Amino acid sequence: MKQTLEFLLQSALETLKKQGVIDPGIQPAIHIERTRDASHGDFATNLALSLAKPAKQNPRQLAERIVACLPVIPLVTRVEIAGPGFINFFIDPASQFEIVRHILDGGASFGLGTAGAGKRILVEFVSANPTGPLHVGHGRGAAYGSAVADLLEAVGFEVEREYYVNDAGRQMDILTTSIWLRYLEICGEVVPFPSNGYRGEYVRDIASNLHKIVGNDLRHPVELVLEDIPADEHHGGDKEKHIDALIDRAKTLLGSEQYELVFTAGVDEILTDIRDDLHEFGISYQHWFSERSLMDDSSIQQALQHLDQAGYLYQDGGATWFASSRLGDEKDRVVVRDNGQSTYFASDIAYHMNKLDRGFDRIIDIWGADHHGYIPRVKAAIQALGADDAKLDVLLVQFAVLYRGDEKVQMSTRSGEFVTLRQLRNEVGKDACRFFYVMRKSEQHMDFDLKLATAKTNENPVYYVQYAHARICSVFRQLDEKGRTRNIHLGMEGLALLTEDHESALLVTLSKYPEVLEKAAMQYEPHQLISYLRELAYQFHSYYNAHPFLVDDDTLCNARLNLIAAVRQVLANALQLLNIHHPEAM
RNA sequence: GCGCUUGUAGCUCAGACGGAUAGAGCAUCGGCCUUCUAAGCCGAGGGUCGCAGGUUCGAAUCCUGCCAAGCGUGCCA
């Protein structure tokens, strides 16, 4: 419909250019919007207003000239000029009924688009460090990321979902050491636990499982473990120095093979847990990309070599620096520390080079908003590697701030005191989780009151939408119980009888679905789809209360049944897309 | 200090490449179940769009300054 109108306007512009009314060099973007108020017709454009200045003409007069040149087609019954120069289009109401047929013919594929044109797109999301179970903050990234990926797929992109596993670096060493210390406890050693270690219960579980397999093989007397270790924070020392020394001690006492054993026990168990967790949340990845693999296959060296050849690396203070400030970053960044170890950033450069090498048309990274300062340096790296940094879109997700009633819930993976995604799912259910998480714009700060979310009250908007679907199913069950049969064909013939206000409104809303889907996908904003669902559900509930469907007039009855069947189909399609159930009964 | 993000109804939030009278849910108040599920519907109240300027036919939206909140500002990841 919009395309048709755009075509008409384009054609009018051409005519005006030929007539010399408008300078042929002017190429205005044509914006067509749905009107908010029915008195303004069905669609409107501000073309005359935006064209007024470059064409040096009065907007209303210009609008009149445009309208005069518009080709006449039966679909458009009336064109009006309103306000300062809006052009309003009135569409033949008969054409609105067609949407019901489209939807019922299209079924589960109704609404799917082609805007992605088969382009390949990589969506990396969650990518939480494998140092503990996912918490509710990760949950938002998970829900948002998978919704974005699913939306993009729905509009024709070829999507790959990826989880970047940070299985290298200091945090992993802290985890490994924490496990080992808990293991020593199980062996009977009395070990003071470092304040900077991972204190979660899951660390004990991993240690316990490890002990079952290796027995006391990894045991060392605590005196030896703690010998000459600098004091921990609560003994007046530095917690970082303390834990680093413990890590070194673990590596020395265990040797690389045994240390690796503890490390693997930890990563494997935690990753398995994360994988299961996400799977139960309805998310599955095509790739789990290991940071370690970048070290093992010398990808990092290669990436750094590229940067070096491009002239972006230099030495200073024993470290190797990437001159990212030359490419828009605030300052230069270290890629190889003076101790010879490459930084996390170096891994990320190699990782993004790998992403680019895989030939995606577009790359999406979804990060926690606390990483926003990281964007310029990654973009700089992409440029330095000779690629187009516009290929990368970094989407930020604000962590949800948890409340229990009025009390803010403090969270930290290290302290082990946090609400896990699994707990949240168990308490409020997958559907409500999903719905709540993507209901809000991703970069918006979000207050998540556990008390409210875990209270299974009717305030929950997900029920409202699901209920609309269940209600429609119920109507069809009633039809059966009354011994009547549905005649789809008769209903199609009777669509013109759907002239009530509620019906017209529903027809318009239904026809918007593909547009909404496309916009939500292209703007990476699943919350737009949620808003749409709420609107559609509202219009249905309102219709339900205003008019009976199972009326005596068979034609009208079947026309209405076709309409609500179309509503049900769109509700189901959108909910399915968001990985939320569409129950037949509630 | 500097940078990024945010500030819209009592609460939680939509609306932002400038567009017509700024919307929704919750909460509050008043109605609607002998009739397809009341997890619903109908109606009412509720706003200096953080503040102050500027740009123009028109600003919640763009620009400048200020105020407030969150985050960032590591040879951590």
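As a basis for the values below, the full set of heavy atoms in this structure was taken, side chains included, without hydrogen atoms, waters or symmetry mates. A quick note: this is a predicted structure, and the numbers were derived from the prediction, not measured. Chain identifiers are assigned alphabetically (A, B, ...) following the order of the sequence lines, protein sequences preceding nucleic acid strands; residue numbering begins at 1 within each chain.
- Side-chain proximity of A:Glu330 to B:C57, B:G3, B:C36: nearest is B:G3.
- One interatomic measurement links the two molecules: CD of A:Gln171 to C1' of B:A77, which rounds to 6 Å at whole-angstrom precision.
- Contact check, A:His527 against B:G15: a side-chain N or O comes under 4.0 Å of OP1 or OP2.
- Between A:Lys441 and B:G15 there is a side-chain N or O to OP1 or OP2 distance below 4.0 Å.
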Would you check, one step at a time, whether the test side chain to side chain contact (heavy atoms under 4.5 Å, CB included) holds for A:Lys512 with A:Leu536?
CA-CA 10 Å; A:Lys512 278 198 242 177; A:Leu536 182 59; over 6 Å; no

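- Both geometric conditions, a ring-centre gap below 5.5 Å and a plane tilt below 30°, are fulfilled for A:Phe86 over the base of B:A20.
- Counting atom types as modelled, A:His541 pairs no side-chain N or O with a base atom of B:C41 as donor and acceptor under 3.5 Å.
- Following rounding to the nearest Å, A:Tyr314 (OH) and B:C75 (P) show an atom-to-atom distance of 11 Å.
- Here B:C75 is the nucleotide among B:C75, B:A38, B:G40 with the atom lying nearest to any side-chain atom of A:Val334.
- The separation between A:Trp367 atom CH2 and B:A77 atom C1' is 12 Å, rounded to whole Å.
- A:Ala468 comes within contact range of no nucleotide atom at all, as no heavy-atom separation falls under 4.0 Å.
- Summarising the geometry, the separation between CZ on A:Arg60 and C1' on B:C57 is reported as 13 Å, rounded to the nearest angstrom.
- A distance of about 26 Å separates the P atoms of B:A16 and B:U55, rounded to the whole Å.
- A search for salt bridge (charged side-chain N to carboxylate O under 4.0 Å, His left out) contacts involving A:Lys239 returns nothing, not counting sequence neighbours.
- Base contact: A:Asn88 has a heavy atom under 4.0 Å from a base atom.
- At a cut-off of 3.5 angstrom, counting only N and O atoms as typed in the model, there is no donor on one side facing an acceptor on the other between the side-chain of A:Asp370 and the base of B:G72.
- Among all heavy-atom pairs drawn from A:Tyr144 and A:Pro526, the shortest one is CE1-CD, 3.5 Å.
- Checking B:U6, B:A39, B:A38 against every side-chain atom of A:Tyr463, the shortest atom distance belongs to B:A39.
- The shortest heavy-atom contact between A:Ala323 and A:Tyr314 is CB-CE2, 4.1 Å.
- A distance of 6.0 Å or more separates the ring centres of A:Tyr464 and A:Tyr538.
- Close to B:G74, at under 4.0 Å from its OP1 or OP2, lies no side-chain N or O of A:Arg170.
- OP1 or OP2 of B:C76 has at least one side-chain nitrogen or oxygen of A:Arg337 nearer than 4.0 Å.
- The side chain of A:Tyr538 contributes an N or O atom lying less than 4.0 Å from OP1 or OP2 of B:C42.
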Please report the C-alpha distance between A:Leu396 and A:Asp370 in whole Å, then the side-chain angles of each, then the deciding distance to 0.1 Å, and finally whether the side chain to side chain contact (heavy atoms under 4.5 Å, CB included) criterion is met.
CA-CA 8 Å; A:Leu396 300 177; A:Asp370 53 336; over 6 Å; no

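- Considering only the side chain of A:Val475, B:C36 comes nearest among B:A77, B:A14, B:C36.
- Note on A:Arg440: every side-chain N or O is 4.0 Å or more away from OP1 and OP2 of B:U6.
- Closest approach to the A:Ala44 side chain among B:A20, B:C75, B:U6 is made by B:A20 (side chain taken as heavy atoms from C-beta onward).
- For B:C2, the paired base is B:G72 (Watson-Crick or G-U wobble, both distances below 3.5 Å).
- Distance, A:Asn339 CG to B:C76 P: 8 Å, rounded to whole Å.
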Could you give me the CA-CA distance, side-chain angles and deciding distance for A:Tyr163 and A:Phe289, then say whether ring pair (Phe, Tyr, Trp, His ring centres under 6.0 Å) is met?
CA-CA 6 Å; A:Tyr163 189 117; A:Phe289 196 103; over 10 Å; no

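- Annotation: B:U5 and B:C57 have their P atoms spaced 30 Å apart (nearest Å).
- For a distance-only test at 3.5 Å, the side chain of A:Asn46 fails to qualify as a donor-acceptor partner of the base of B:A20.
- Rounded to a whole Å, the CD1 atom of A:Ile349 is 13 Å from the P atom of B:A77.
- Here A:Lys331 does not reach the OP1 or OP2 of B:G3: none of its side-chain N or O atoms lies under 4.0 Å away.
- Contact annotation: side chain of A:His372 to base of B:G3, donor-acceptor pair present below 3.5 Å.
- Contacts of A:His547 with the nucleic acid, taken as non-hydrogen atoms under 4.0 Å apart, include base atoms.
- Residue A:Ser542 is in sugar-phosphate contact alone, with no base atom involved, counting any heavy-atom pair closer than 4.0 Å across all strands shown.
- Rounded to whole Å, the C1' atom of B:U61 lies 23 Å from the corresponding atom of B:G3.
- Nucleotides B:A60 and B:G15 have their C1' atoms positioned 9 Å apart, rounded to a whole Å.
- Contacts of A:Phe345 with the nucleic acid, taken as non-hydrogen atoms under 4.0 Å apart, are absent.
- Contact annotation for A:Ala82: base contact, defined as any heavy-atom pair under 4.0 Å involving a base atom.
- Distances from the side chain of A:Phe549 to the nucleotides B:A39, B:U6, B:C36 place B:C36 closest.
- Rounded to an integer number of Å, the gap from A:Tyr543 OH to B:C41 C1' is 15 Å.
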